[in-house]
Amino acid sequence: MGKMTAKGQALNSRSKESDERLLIEAAQKEPSRFAELYEHNFERVYAFIARRVSERSDAQDLTSHVFHQALKNLGRFQWRGTPFAAWLLRIAANAIADHSHRVAKEHKAPLAGDRDDFRAEDDVSAEDIEDRARLFRFVNRLSANQRRTIVMRFAEQKSIREIAHELRRTEGAVKQLQFRALQNLRTRLSGSNG
């Protein structure tokens with residue numbers, strides 16, 4: 001199969017956004033439809049939390065809490081073109097901060113992740129959120145190997161060596177994947193801004 005044209009990619013992106021919006025609206029009217037949103041976003045939310053808490057059981061509990069809160073507050077969610085996952089990750093960040101406070105109080109130890117670390121996101125402008133959403137969409141359009149490399153390198157903050165080991169590739173191959181992915185992202189971002 002040939003490469004998808006820029007127009008085809010834009011239509012595909014709009015189609016995904018439209019599908020997500022329709023899914024959210026359906027879940028707002030009929031809460032049983034929330035299961036589809038859960039399935040689409042579970043891995044992303046769990047990975048986000050698991051990278052930030054040390055215990056697997058805590059990550060599972062917090063992930064459950066995030067989706068419980070999302071379902072409880074779904075009626076207040078307003079579609080603004082930003083991926084639903086961004087809203088879930090904000091709930092997750094607050095849940096992690098609350099969890100860190102509880103753990104710190106129980107152990108009377110200094111906080112590793114103070115709530116202020118997460119509150120910085122609350123001050124983000126609508127333009128910044130849209131920029132992040134656009135970047136998120138562009139990363140999702142990368143090839144599977146490039147996308148995985150970018151996520152592992154920048155979201156999971158893994159070293160080139162760790163990524164190479166996990167992907168069973170050489171460090172040089174991982175560097176090449178990262179380079180090509182960043183080139184693709186730069187091209188797409190400059191094209192969307194121009």
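Count residues from 1 along the sequence.
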task = Report whether Ile96 and Phe42 are members of the same hydrophobic cluster (ILVMFWY, side-chain heavy atoms less than 4.5 Å apart, transitive linking).
result = yes
key: Nearest atoms (heavy-atom pairs only) where Val53 meets His99   = CG1-CD2, 4.0 Å
task = Starting from the C-alpha separation in whole Å, work towards a yes-or-no answer on side chain to side chain contact (heavy atoms under 4.5 Å, CB included) for Asn145 and Arg169.
result = CA-CA 11 Å; Asn145 286 329; Arg169 292 181 174 242; 3.0 Å; yes
message = So, taking the atom named CD in Gln28 and the one named CG in Leu37, what distance separates them when rounded to the nearest 0.5 Å?
response = 9.0 Å
task = Consider only side-chain heavy atoms of I, L, V, M, F, W and Y, link residues closer than 4.5 Å, and tell whether Tyr46 and Leu89 are in one cluster.
result = yes
Residues Ser32 and Glu30: side-chain donor-acceptor under 3.5 angstrom = yes
note = When rounded to the nearest 0.5 Å, the distance separating CZ of Phe34 from CG of Leu23 is 10.0 Å
inquiry  = Whether the side chain of Glu166 engages the backbone of Arg161 through a donor-acceptor N/O pair (distance < 3.5 Å, no angle test) should be reported.
reply    = no
task = Kindly assign one of parallel, tilted or perpendicular to the pair Phe84 and Trp87, based on the angle between their ring planes and the thresholds 30° and 60°.
result = tilted
ask   = Got a second to check how far Ile163's CD1 is from Leu177's CG, nearest 0.5 Å?
value = 9.5 Å
inquiry  = side chain to side chain contact (heavy atoms under 4.5 Å, CB included), that's the test. Do Val174 and Met152 meet it? Break it down for me.
reply    = CA-CA 11 Å; Val174 169; Met152 292 171 78; over 6 Å; no
remark   = d(Leu74 CG, Gln69 CD) to nearest 0.5 Å is 12.5 Å
Asn73 side chain to Arg76 side chain, donor-acceptor N/O pair below 3.5 angstrom = yes
request  = Look at Glu171 together with Lys175 and state whether they make a salt bridge at an N to O cut-off of under 4.0 Å.
outcome  = no
query = Considering residues, nucleotides and ligands other than Phe179, do more than 12 of their heavy atoms fall under 6.0 Å from its CZ?
reply = no
inquiry  = Counting only heavy atoms from other residues, nucleotides and ligands, does the tally under 6.0 Å from CZ of Arg147 exceed 12?
reply    = yes
request  = Check Ala95 against Leu62 and note the closest heavy-atom contact, atom names and distance.
outcome  = O-CD2, 3.7 Å
request  = Mark yes or no: Arg51 above the aromatic ring of Phe48, with NZ or CZ under 6.0 Å from the six-membered ring centre and no more than 45 degrees from the axis.
outcome  = no
query = Would you say Gln178's side chain and Ile150's backbone share a donor-acceptor pair under 3.5 angstrom?
reply = no
request  = State whether the side chain of Thr63 and the backbone N or O of Ala59 hold a donor-acceptor pair below 3.5 Å, judged by distance alone.
outcome  = yes
query = Do Arg148 and Gln146 have a side chain donor and acceptor closer than 3.5 Å?
reply = no
task = Taking the side chain as every heavy atom from C-beta outward, state whether Arg188 and Leu142 have any pair of such atoms under 4.5 Å apart.
result = yes
message = Please determine whether a side-chain nitrogen of the Lys or Arg among Glu36 and Arg33 lies less than 4.0 Å from a carboxylate oxygen of the Asp or Glu.
response = yes
key: Inter-residue atom distance Leu88.CG - Ile49.CD1, 0.5 Å rounding   = 9.5 Å
request  = Decide salt bridge (charged side-chain N to carboxylate O under 4.0 Å, His left out) for Glu25 and Arg21; before the verdict, give the C-alpha distance in whole Å, the side-chain angles of both, and the deciding distance to 0.1 Å.
outcome  = CA-CA 6 Å; Glu25 290 171 355; Arg21 183 179 188 167; 3.2 Å; yes
task = Answer yes or no: is there a donor N or O on one side and an acceptor on the other, between the side chain of Glu162 and the main chain of Ser159, under 3.5 Å?
result = yes
message = Could you go through Leu185 and Val139, starting from their C-alpha distance and side-chain angles, then the distance that decides it, and tell me whether this counts as side chain to side chain contact (heavy atoms under 4.5 Å, CB included)?
response = CA-CA 7 Å; Leu185 290 172; Val139 168; 3.9 Å; yes
Separation between CG of Asn41 and CZ of Phe67, rounded to the nearest 0.5 Å = 5.5 Å
